Peer 1: 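Mind having a look at this structure? Questions to follow.
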Amino acid sequence: HVQLVESGGGSVQAGGSLRLSCVASGYTFSGKCMGWFRQAPGKEREGVAAIDSDGFTNYAESVKGRFTISRDNAKNTVYLQIDNQKPEDTGVYYCAATDRFSRLTSSQWTDAARYNYWGQGTQVTVS
């Protein structure tokens, strides 16, 4: 039984920082892509960052320079460091993982259908 469990969300003031963590169990994702999506109130879920098996990263334009995705394969964990937060970063952040792809191109990584495992989400509120 594969599980992704996020943590680290919370309420912060604009300009603040948070680090989200996602611990995977039931499957070793070290050779596969993992990512973070978010869903703001009233909006569709969108990809914010992804990291492939080689550590290559992709970011949404709106978060480049402020978000950093990383992974610790020994811990089967992916992180999202969020700096210089803006109110528009508010939303539920979801960890996503795939057991099918080790690499996703710049046009593929935002496609939620390519990820077959999802966490329950963690709320981030920026005021």
Side-chain angles (χ1 to χ4, degrees):
H1 178 58
V2 178
Q3 278 192 308
L4 302 179
V5 180
E6 304 103 333
S7 61
S11 296
V12 295
Q13 292 187 333
S17 297
L18 281 175
R19 189 174 85 149
L20 308 183
S21 300
C22 171
V23 180
S25 60
Y27 185 88
T28 300
F29 288 102
S30 58
K32 304 298 181 184
C33 290
M34 300 185 78
W36 288 93
F37 286 69
R38 71 183 177 191
Q39 188 163 20
K43 295 188 177 181
E44 293 187 355
R45 192 173 298 191
E46 63 171 349
V48 295
I51 186 167
D52 69 15
S53 60
D54 293 330
F56 187 80
T57 57
N58 279 290
Y59 296 95
E61 285 296 324
S62 61
V63 307
K64 281 183 178 178
R66 300 188 299 115
F67 287 25
T68 304
I69 188 171
S70 61
R71 66 193 300 167
D72 184 336
N73 290 331
K75 296 181 179 180
N76 215 18
T77 299
V78 64
Y79 304 97
L80 186 68
Q81 177 69 38
I82 308 175
D83 296 319
N84 190 21
Q85 288 192 282
K86 301 178 180 181
E88 52 264 42
D89 294 329
T90 294
V92 179
Y93 283 69
Y94 297 91
C95 175
T98 173
D99 61 6
R100 294 174 288 172
F101 303 103
S102 61
R103 208 168 270 139
L104 290 171
T105 68
S106 58
S107 62
Q108 294 174 332
W109 71 271
T110 56
D111 181 2
R114 296 185 183 273
Y115 302 84
N116 48 334
Y117 298 105
W118 293 84
Q120 81 287 352
T122 186
Q123 177 71 43
V124 173
T125 303
V126 186
S127 58

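Keep in mind the model is a prediction, meaning the values are calculated, not measured. Numbers for residues simply follow the sequence, beginning at 1.
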Peer 1: Any heavy-atom pair between the side chains of Leu80 and Tyr93 that's under 4.5 Å?
Peer 2: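 A side-chain contact under 4.5 Å exists here.
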
Peer 1: Is it true that Leu18 and Tyr94 fall in one hydrophobic cluster, defined by side-chain heavy atoms closer than 4.5 Å?
Peer 2: no

Peer 1: Partners of Ser70 by side-chain contact (heavy atoms from CB on, under 4.5 Å), sequence neighbours excluded?
Peer 2: Tyr79

Peer 1: Verify, without hydrogens or angle tests, whether Thr98 (side chain) and Arg100 (backbone) share a donor-acceptor contact under 3.5 angstrom.
Peer 2: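 Side chain of Thr98 to backbone of Arg100, a donor-acceptor pair under 3.5 Å: yes, one is there.
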
Peer 1: Do you know the tightest heavy-atom contact between Val2 and Tyr27?
Peer 2: CG2-CB, 3.7 Å

Peer 1: Check residues 109-118 and write down every donor-acceptor pair under 3.5 Å in which the side-chain atom is one partner and the other belongs to a residue at least two apart or another chain.
Peer 2:
| from | atom 1 | to | atom 2 | distance (Å) |
| --- | --- | --- | --- | --- |
| Trp109 | NE1 | Ser106 | O | 3.4 |
| Asp111 | OD1 | Ala113 | N | 3.0 |
| Tyr115 | OH | Trp109 | O | 2.7 |
| Asn116 | OD1 | Asp99 | N | 3.2 |
| Asn116 | ND2 | Asp99 | OD1 | 2.7 |
| Asn116 | ND2 | Asp99 | OD2 | 3.4 |
| Tyr117 | OH | Asp99 | OD2 | 3.2 |
| Trp118 | NE1 | Tyr115 | O | 3.2 |

Peer 1: Which residues pass the side-chain contact (heavy atoms from CB on, under 4.5 Å) test with Ser107, sequence neighbours left out?
Peer 2: Thr105

Peer 1: Taking side-chain hydrogen bond (donor to acceptor under 3.5 Å, both in side chains) as the definition, give me every residue that meets it alongside Gln120, ordered by chain and number, with sequence neighbours left out.
Peer 2: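 Per chain and number, Gln120 pairs via side-chain hydrogen bond (donor to acceptor under 3.5 Å, both in side chains) with Glu6.
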
Peer 1: Any heavy-atom pair between the side chains of Trp36 and Val78 that's under 4.5 Å?
Peer 2: yes

Peer 1: Any side-chain heavy atom of Gln81 within less than 4.5 Å of one from Ile69?
Peer 2: no

Peer 1: What is the minimum heavy-atom distance between Ala14 and Pro87, and which atoms define it?
Peer 2: CB-CD, 4.3 Å

Peer 1: Taking the side chain as everything from C-beta on, heavy atoms only, tell me whether Asn73 gets closer than 4.5 Å to Arg71.
Peer 2: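 Yes - at least one pair of side-chain heavy atoms lies under 4.5 Å apart.
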
Peer 1: Determine whether Phe37 and Val48 fall in the same hydrophobic cluster, where Ile, Leu, Val, Met, Phe, Trp and Tyr are linked whenever their side-chain heavy atoms lie under 4.5 Å apart.
Peer 2: no

Peer 1: Could you tell me whether the side chain of Leu4 reaches within less than 4.5 Å of the side chain of Phe29, counting heavy atoms only?
Peer 2: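 In short, these two side chains touch, coming nearer than 4.5 Å.
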
Peer 1: Gly31 and Ser102: which non-hydrogen atoms are nearest, and at how many Å?
Peer 2: O-CB, 3.1 Å

Peer 1: My understanding is that only residues two or more places apart in sequence, or in another chain, count here; which of them pass salt bridge (charged side-chain N to carboxylate O under 4.0 Å, His left out) with Glu46?
Peer 2: Arg38

Peer 1: Quick one: closest heavy-atom pair of Ala60 and Gly47, and the distance?
Peer 2: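 That closest heavy-atom pairing would be CB-O, 3.5 Å.
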
Peer 1: Per the disulfide bond (SG atoms under 2.5 Å apart) rule, what does the pair list look like for residues 50-127, sequence neighbours excluded?
Peer 2: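 Output for this query lists Cys22-Cys95.
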
Peer 1: Do Val23 and Asn76 come within less than 4.5 Å of each other through their side chains, counting heavy atoms only?
Peer 2: no

Peer 1: How long is the gap from CG on Leu104 to CE on Met34, to the nearest 0.5 Å?
Peer 2: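 Rounded to the nearest 0.5 Å, the CG-CE separation comes out at 12.5 Å.
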
Peer 1: For Asp52, what residues pass the side-chain contact (heavy atoms from CB on, under 4.5 Å) criterion, not counting sequence neighbours?
Peer 2: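 Checked Asp52 against side-chain contact (heavy atoms from CB on, under 4.5 Å); matches are Cys33, Asp54, Phe56, Arg103.
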
Peer 1: For Thr125, enumerate each residue passing the side-chain hydrogen bond (donor to acceptor under 3.5 Å, both in side chains) test, keeping only those at least two apart in sequence or located in another chain.
Peer 2: Gln123

Peer 1: Among residues at least two apart in sequence or on other chains, which ones pass salt bridge (charged side-chain N to carboxylate O under 4.0 Å, His left out) with Lys64?
Peer 2: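 Glu61.
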
Peer 1: Is there side-chain contact between Val92 and Thr122, with heavy atoms separated by less than 4.5 Å?
Peer 2: no

Peer 1: Could you note down all residue pairs passing side chain to side chain donor-acceptor pair (under 3.5 Å) where residues 11-26 supplies at least one of them, sequence neighbours left out?
Peer 2: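 Checked against side chain to side chain donor-acceptor pair (under 3.5 Å) - neighbours excluded - the pairs reaching residues 11-26 are Ser17-Asp83.
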
Peer 1: Rounded to the nearest 0.5 Å, what's the gap from CD on Gln85 to CZ on Phe67? Could you check?
Peer 2: 6.5 Å

Peer 1: Do side-chain atoms of Thr77 reach the backbone of Lys75 as a donor and acceptor pair under 3.5 angstrom?
Peer 2: yes

Peer 1: Looking at residues at least two apart in the chain, or sitting in another chain, which of them share a side-chain hydrogen bond (donor to acceptor under 3.5 Å, both in side chains) with Arg66?
Peer 2: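 By the side-chain hydrogen bond (donor to acceptor under 3.5 Å, both in side chains) rule, Arg66 matches Asp89.
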
Peer 1: For Arg45, check side-chain hydrogen bond (donor to acceptor under 3.5 Å, both in side chains) against everything at least two apart and list the hits.
Peer 2: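 Testing Arg45 for side-chain hydrogen bond (donor to acceptor under 3.5 Å, both in side chains), a comparison that skips the adjacent residues, returns none.
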
